[in-house]
Amino acid sequence: MERRFLSVGRPIFAKNRFIGGIFVLASIDDIYQSIELVRNLTILADIGAILLALGFTFIVSRKLANPLLEMERATRKMAKGDLNTKVSVETKDETGSLAKAINDLAVELYRYRSNQREFFSNISHELRTPLTYLEGYARALKNKQYQTEDEKEMYIQIIEQEANRMSKLVNDLFELAKMEEGKLPLHLEEIDLIEVIENAIAKTKMKAKEKGLQLYFHNIYQLPSIYADGLRMEQIVINLIENAIRYTEKGFIKIELSNDQDKVKILIEDTGIGIPKKDLLFLFERFYRVEKSRSREFGGTGLGLAIVKQLVELQNGTIHVSSEVGKGTNFELTFPIYKGDAQ
Ligand SMILES: Nc1ncnc2c1ncn2[C@@H]1O[C@H](COP(=O)(O)OP(=O)(O)OP(=O)(O)O)[C@@H](O)[C@H]1O
Ligand SMILES: [Mg+2]
């Protein structure tokens with residue numbers, strides 16, 4: 001083997017006279033061996049670091065990819081309609097919260113789908129009933145299955161009533177759909193509630209009179225105005241007065257206006273059949289009626305209060321009901337007072 005040396009030589013002078021020299025020769029094999037060792041160790045460390053990095057990346061990517069793959073599988077199942085699927089990732093990091101969001105979405109979709117189903121079965125039921133009447137009485141007329149002119153007149157009246165009922169149902173559904181999509185145009189302006197209520201009373205007092213019910217209106221002097229859509233406010237009040245008339249056999253219906261510092265309050269009170277406590281919670285749901293068979297006899301479809309609630313909320317108001325069976329019902333509405341453009 002070739003050996004390596006380090007050599008150093010120096011001349012020695014004394015009084016500017018060369019008197020000799022010194023020459024040192026040392027083997028540097030050891031140094032080279034050490035360098036070799038360090039180099040080998042560095043290469044080994046590099047390889048180790050690369051392997052470690054690869055392993056780490058692999059583990060991390062598996063750890064990330066597994067839950068993501070599970071979420072993908074779950075969302076695909078949900079998309080196919082299996083909304084009972086759950087993602088079982090329960091970590092406390094971003095992946096965990098994404099999994100929770102997916103699970104929440106599935107619950108929401110499930111609720112939406114059942115609502116939708118119930119809604120369609122309600123619609124078809126509500127449409128089928130008047131259609132059966134229409135078909136039956138139209139056939140009876142066609143086949144002249146009546147004995148007297150009065151009987152014939154009655155059949156025609158039923159047909160007219162049922163046709164009106166259907167067209168009201170279709171209109172109500174259309175309105176509700178527009179409200180829920182936020183597409184109902186509102187003409188908001190400063191309005192005087194006293195005028196709105198007087199108009200609503202003018203339109204409903206005939207019905208009250210027919211049933212022998214008193215219709216009172218207590219207003220107050222100088223009621224602050226509110227910012228709302230006058231016609232929609234009238235629709236709200238008419239709906240509530242019509243309900244009061246429909247579900248009251250004797251007594252009165254009282255409409256009262258009042259205000260505090262920032263709200264105007266409308267109270268509509270009746271002395272009617274009342275609403276059981278257990279029903280109050282669902283009263284504003286679409287198609288909800290306290291007694292299905294009886295309200296049909298009264299002519300209702302159960303959409304009135306759902307529409308009222310939407311309209312009240314679209315105009316920043318609140319609606320609250322309290323009732324006692326056999327005594328009567330109170331609907332209380334509040335709307336913020338209009339404070340001018342500075343509002
Ligand atoms: N003032 C009231 N007194 C007693 N029950 C009421 C009163 N208002 C509403 N209800 C009950 O609440 C139910 C829902 O009312 P809502 O106005 O939504 O429907 P409806 O009057 O039956 O039909 P619609 O208003 O669509 O013609 C009614 O069917 C009735 O049972
Ligand atoms: Mg009603």
Side-chain angles (χ1 to χ4, degrees), residues 115 118-119 122-130 133 160-180 197 200-201 203-205 207-208 210-217 232-256 266-314 317 319-333:
N115 265 346
E118 198 186 305
F119 184 57
N122 273 326
I123 293 180
S124 48
H125 174 81
E126 291 299 329
L127 286 175
R128 210 176 302 124
T129 323
Y133 280 95
E160 194 188 4
Q161 267 170 19
E162 293 301 323
N164 285 342
R165 195 181 155 83
M166 265 179 72
S167 99
K168 178 178 179 295
L169 174 70
V170 172
N171 283 340
D172 283 357
L173 280 172
F174 192 62
E175 287 238 295
L176 257 181
K178 273 201 291 190
M179 283 175 214
E180 280 171 11
I197 290 180
I201 290 179
K203 290 179 183 162
T204 48
K205 68 172 177 226
K207 277 190 190 165
E210 277 166 20
K211 282 186 86 174
L213 300 168
Q214 298 288 335
L215 202 55
Y216 300 119
F217 177 30
R232 294 296 178 184
M233 284 303 294
E234 190 182 304
Q235 186 184 354
I236 294 172
V237 178
I238 288 182
N239 247 298
L240 294 173
I241 298 180
E242 280 187 345
N243 273 354
I245 297 174
R246 191 182 277 170
Y247 302 105
T248 303
E249 286 315 311
K250 61 173 194 301
F252 61 83
I253 289 135
K254 189 170 84 187
I255 299 125
E256 208 174 277
I266 312 171
L267 199 75
I268 295 164
E269 185 186 334
D270 66 55
T271 54
I273 56 175
I275 303 162
K277 276 229 153 33
K278 66 171 177 43
D279 295 294
L280 287 178
L281 215 62
F282 312 104
L283 211 62
F284 298 101
E285 283 181 9
R286 293 180 294 200
F287 295 113
Y288 195 82
R289 287 172 307 196
V290 173
E291 241 182 88
K292 301 243 171 197
S293 55
R294 194 177 53 191
S295 8
R296 170 149 185 94
E297 180 189 308
F298 284 124
T301 49
L303 287 175
L305 286 179
I307 293 176
V308 164
K309 188 170 170 37
Q310 289 274 347
L311 283 178
V312 167
E313 286 173 358
L314 281 174
I319 181 161
H320 184 257
V321 55
S322 59
S323 185
E324 206 174 318
V325 176
K327 284 216 162 146
T329 305
N330 273 354
F331 280 92
E332 188 187 296
L333 311 177

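Only heavy atoms go into these numbers, but all of them, side chains included; no hydrogens, no water, no symmetry mates. Numbering of ligands and ligand atoms starts at 1, following listing order.
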Original post:
Is K277 atom NZ crowded by more than 12 heavy atoms from other residues, nucleotides or ligands, each under 6.0 Å away?
Top reply: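 No, not enclosed.
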
Kindly identify the option in [options] whose heavy atom sits closest to [atom].
atom: atom 23 (O) of ligand 1; options: G302, G272, A244; answer: G302
atom: atom 20 (P) of ligand 1; options: R289, E269, R246; answer: R246
atom: atom 22 (O) of ligand 1; options: F287, Y247, Y288; answer: Y247

Original post:
Taking all atoms of both residues into account, what is the closest heavy-atom pair of G274 and T329, and its distance?
Top reply: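 That would be CA-OG1, 3.5 Å.
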
Original post:
Is any side-chain heavy atom of L305 less than 4.5 Å from a side-chain heavy atom of N239?
Top reply: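 Not in contact.
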
Original post:
Sub-3.5 Å donor-acceptor pair from the side chain of K211 to the main-chain atoms of I245, do we have one?
Top reply: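 Such a contact is found between K211 side chain and I245 backbone.
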
Original post:
Backbone N or O of F252 within a donor-acceptor pair of the T271 side chain at under 3.5 Å?
Top reply: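 Pair found, side chain donor or acceptor close to backbone of F252.
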
Subject >> Of E118, E180, E126, the residue whose pairing with R286 passes salt bridge (charged side-chain N to carboxylate O under 4.0 Å, His left out) >> reply: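 With R286 as partner, salt bridge (charged side-chain N to carboxylate O under 4.0 Å, His left out) holds for just one option, E180.
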
Say whether [X], considering both its backbone and side-chain N or O atoms, lies within less than 3.5 Å of an N or O atom on ligand 1.
X: A306; result: no
X: F331; result: no
X: I275; result: no
X: L303; result: yes
X: D172; result: no

Original post:
Going through the checks in order, is the side-chain contact (heavy atoms from CB on, under 4.5 Å) test met by I201 and I255?
Top reply: CA-CA 9 Å; I201 290 179; I255 299 125; 3.8 Å; yes

**OP:** Could you walk me through whether Q214 and I253 pass side-chain contact (heavy atoms from CB on, under 4.5 Å), step by step?
**Re:** CA-CA 6 Å; Q214 298 288 335; I253 289 135; over 6 Å; no

**OP:** Tell me whether the guanidinium CZ or amine NZ of K254 lies under 6.0 angstrom from the six-membered ring centre of Y216 and within 45° of its axis.
**Re:**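 Because its charged atom misses either the 6.0 Å distance or the 45° angle limit, K254 does not stack over Y216.
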
**OP:** Give a yes or no on whether N243 keeps an N, O or S atom under 2.8 Å from the Mg ion (ligand 2).
**Re:**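 Yes.
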
Original post:
Which atoms from ligand 1 have a heavy atom of K168 less than 4.0 Å away?
Top reply: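 Result: 24 (P), 26 (O), 27 (O).
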
Subject >> Residue-ligand contact E242/ligand 1, heavy atom below 4.0 Å >> reply: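 The answer is no: ligand 1 sits nowhere under 4.0 Å from a heavy atom of E242.
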
Original post:
Does at least one non-hydrogen atom of G274 fall below 4.0 angstrom from an atom of ligand 1?
Top reply: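 Yes, G274 has a heavy atom closer than 4.0 Å to ligand 1.
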
Original post:
For ligand 1, which part of V290 has a heavy atom less than 4.0 Å away: the side chain, the backbone, both, or neither?
Top reply: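 Both backbone and side chain.
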
**OP:** Check each heavy atom of D270 against ligand 1 and say whether those closer than 4.0 Å belong to the side chain, the backbone, both or neither.
**Re:**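 It is the side chain that touches ligand 1; the backbone stays farther off.
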
